[in-house]
2 protein chains.
Amino acid sequence: MKEETITKGGRTRQAIEDAALILFLEHGYHATSMRQIADQAGLALGGIYNHFSNKEEIFSGIIMDKHPYKRVLPAILAAEGETAEDFIRSAASALVSELGNQPDFIKLMFIEIIEFNGKHASLMLREIGPKLLPVFERLVKVRKNLRKIHPAVLMRSFIGMFFSFYVTELFIADTPLKKVMPKDSFDLFVDIYLHGILKPEE
Amino acid sequence: MKEETITKGGRTRQAIEDAALILFLEHGYHATSMRQIADQAGLALGGIYNHFSNKEEIFSGIIMDKHPYKRVLPAILAAEGETAEDFIRSAASALVSELGNQPDFIKLMFIEIIEFNGKHASLMLREIGPKLLPVFERLVKVRKNLRKIHPAVLMRSFIGMFFSFYVTELFIADTPLKKVMPKDSFDLFVDIYLHGILKPEE
DNA sequence: CCTACCGATCGGTAGG
DNA sequence: CCTACCGATCGGTAGG
């Protein structure tokens, strides 16, 4: 949202990405036309090509600029806490506040998986994996109240908890189940997860 | 896979759905052309329209015929076990053997969410939700060794565990993390989940 | 940044 | 008269 670049070109580029993001999330990648993006961004079709050489570059740009992982990694790295429980709670709440309550962002990853066979996601994971795994390795070594869990599985299940929550959130959205579901479901997910990885306290 | 209809028309219809499923999973819905589907199915483009009136009808047909939920619901309903742990393990292993080890099937749901805004998925959940929720309500009432968890959250987190596993599986697939990850990760996920929902035994 | 277009390919349908 | 399917082409739109 914030920009260092106050140039007109930079602003137009951002407008194109914002417009495209809205449309991609709503209709998917291939179902969104360059003309729609141009209209939404408030310029002519040809004008887009002054900023992006093709459609996929707009998507890549969005992945780079808008993808949550840029905020996710620092949030986890910054998480602290005396106990493993405090650490996980800290990391989880930091992530949720970064990702927001809307599950829309997760659609970006789905588009990625379906339309590009996870090409960008794979690159992303190669970049953040080596930074993230040591955090969980340290957690396993230092925190005595953790059950014995493989660090990679600990990391994977922690990330997986968010997918578990957000994907089911998407499915429940327009169904009667939404009324039955408690409002604080995410906290309950974290609670179940914590019981899953911590030693019983008694 | 099995058909009652041995008619030629029924077989061709199946061949079209099989071909489309492969292509949809590989390239997505909009990136797959009717011509590709025709080629893959071994007939001419025009021939498709004797069996489906348009492209979306092919997708709907696949959802109806090939969607895992048709097998998922019976698998969960058939799960048994003396304790909650036995029940969850039974249901989990039944599901995994039904879904197979390939995470591909999950892409069908992602295409659904992205290209059709979860239109079919919502209908599906309205159908199976009322059948599935009572299973978890009964589980909460009967099994004493369960922690106090809202039935809807119990159901959601159980389903979510599969998304957690399969989505992360998709992301890890082509990265170095695949080597670090234990082979029996799914069992470890179930293990964490069970510790999450069960009372400590000591 | 726009207007005007291109090669090609899209989903869908014609008559036979 | 039906089914299943063909070669050819329809009106529009894709990315560029």
Side-chain angles (χ1 to χ4, degrees), chain A residues 3 5-64 111-112 114-117 119-120, chain B residues 3-63 65 108 111-112 114-117 119-120:
Chain A
E3 285 131 64
T5 44
I6 331 171
T7 63
K8 187 158 189 234
R11 257 183 282 124
T12 304
R13 197 188 147 89
Q14 276 304 312
I16 293 168
E17 284 190 8
D18 291 342
L21 178 60
I22 291 168
L23 292 165
F24 288 160
L25 292 181
E26 199 163 353
H27 309 294
Y29 176 81
H30 276 100
T32 298
S33 71
M34 292 295 268
R35 281 161 182 83
Q36 285 177 295
I37 296 170
D39 288 349
Q40 178 87 19
L43 50 79
L45 170 66
I48 291 180
Y49 293 91
N50 292 310
H51 302 274
F52 299 91
S53 58
N54 54 50
K55 195 179 174 184
E56 185 171 344
E57 268 202 7
I58 301 178
F59 187 81
S60 303
I62 290 173
I63 292 282
M64 294 306 165
I111 292 174
E112 229 284 296
I114 291 165
E115 312 276 16
F116 300 102
N117 269 309
K119 188 168 59 180
H120 309 101
Chain B
E3 284 130 64
E4 307 282 331
T5 43
I6 330 169
T7 62
K8 186 155 188 236
R11 258 183 281 125
T12 305
R13 197 188 148 90
Q14 276 305 312
I16 293 168
E17 283 189 10
D18 290 343
L21 177 60
I22 290 168
L23 292 164
F24 288 160
L25 291 180
E26 197 163 353
H27 309 294
Y29 175 80
H30 275 99
T32 297
S33 71
M34 293 295 269
R35 279 158 186 84
Q36 287 176 294
I37 295 170
D39 287 350
Q40 180 84 21
L43 50 82
L45 169 67
I48 291 180
Y49 293 92
N50 291 310
H51 302 273
F52 299 92
S53 58
N54 56 46
K55 195 178 172 183
E56 184 170 344
E57 268 201 7
I58 300 177
F59 187 81
S60 304
I62 290 173
I63 291 283
D65 296 343
L108 262 188
I111 293 174
E112 229 284 296
I114 291 167
E115 312 278 17
F116 300 102
N117 270 310
K119 188 168 56 180
H120 310 99

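In what follows, every chain begins at residue 1, and chains take the letters A, B, ... in the order their sequences are listed. Just so you know, these numbers use all the heavy atoms, side chains as well, and skip hydrogens, waters and symmetry mates.
If you measure from atom OH of B:Tyr29 to atom C1' of C:dC10, you get 12 Å, rounded to the nearest angstrom. Look at NE2 on A:His30: it is 11 Å from P on C:dG11, rounded to the nearest Å. When rounded to the nearest whole Å, the span between CG of B:Asp39 and P of D:dC6 equals 11 Å. In this structure, NZ of A:Lys55 is placed 13 Å from P of C:dC10, rounded to the nearest angstrom. Rounded to whole Å, atom P of C:dT13 lies 12 Å from atom CG of B:Asn50. Going from atom CD of B:Glu56 over to atom C1' of C:dG12 covers 15 Å, rounded to whole Å. The interatomic distance linking A:Ile16 (CD1) with D:dG16 (P) rounds to 14 Å, in whole Å. The nearest whole Å value for the distance from the CG atom in B:Leu43 to the C1' atom in D:dA4 is 9 Å.
Contact annotation: B:Ser33 reaches the phosphate of C:dC10 (side-chain N/O to OP1 or OP2, under 4.0 Å). For D:dC5, one of the phosphate oxygens OP1 or OP2 lies less than 4.0 angstrom from a side-chain nitrogen or oxygen of B:His51. Distances shorter than 4.0 Å separate some side-chain N or O of B:Thr12 from OP1 or OP2 on D:dC5. Side-chain N/O atoms of B:Tyr49 include one lying less than 4.0 angstrom from OP1 or OP2 on C:dG12.
Among the nucleotides D:dG15, C:dT13, D:dG16, the one closest to any side-chain atom of A:Met34 is D:dG15. Closest contact between the side chain of A:Ala44 and the listed nucleotides C:dT13, C:dC5, C:dT3 involves C:dT3.
B:Asp18 places no side-chain N or O within donor-acceptor distance of the main-chain N or O of B:Ala41, the cut-off being under 3.5 Å.
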Enumerate, atom names and distances included, each donor-acceptor pair closer than 3.5 Å involving a side-chain atom of residues 55-62 of chain B, sequence neighbours excluded.
| unit_1 | atom_1 | unit_2 | atom_2 | d |
| --- | --- | --- | --- | --- |
| B:Lys55 | NZ | B:Tyr29 | O | 3.1 |
| B:Lys55 | NZ | B:Thr32 | O | 2.6 |
| B:Glu56 | OE2 | B:Lys119 | NZ | 2.9 |
| B:Glu57 | OE1 | B:Ser53 | N | 3.3 |
| B:Glu57 | OE1 | B:Ser53 | OG | 3.3 |
| B:Glu57 | OE2 | B:Ser53 | OG | 3.1 |
| B:Ser60 | OG | B:Glu56 | O | 3.1 |
| B:Ser60 | OG | B:His120 | NE2 | 3.4 |

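In this structure, the separation between CD1 on B:Ile37 and CG on B:Leu21 is 10.5 Å, given to the nearest 0.5 Å. To the nearest 0.5 Å, atoms CE (A:Met34) and CD1 (A:Ile16) are separated by 8.0 Å.
Distance check on atom P: C:dG12 versus D:dA8 gives 22 Å, rounded to whole Å.
If you check every strand for non-hydrogen atoms under 4.0 Å, B:Ile48 touches nothing.
Heavy-atom nearest nucleotides on DNA chain C were determined for A:Arg35 and for B:Gly47, and the one closer to the 5' end corresponds to A:Arg35.
A:Leu23 approaches A:Gln40 most closely through the heavy-atom pair CD1-CB, 3.9 Å.
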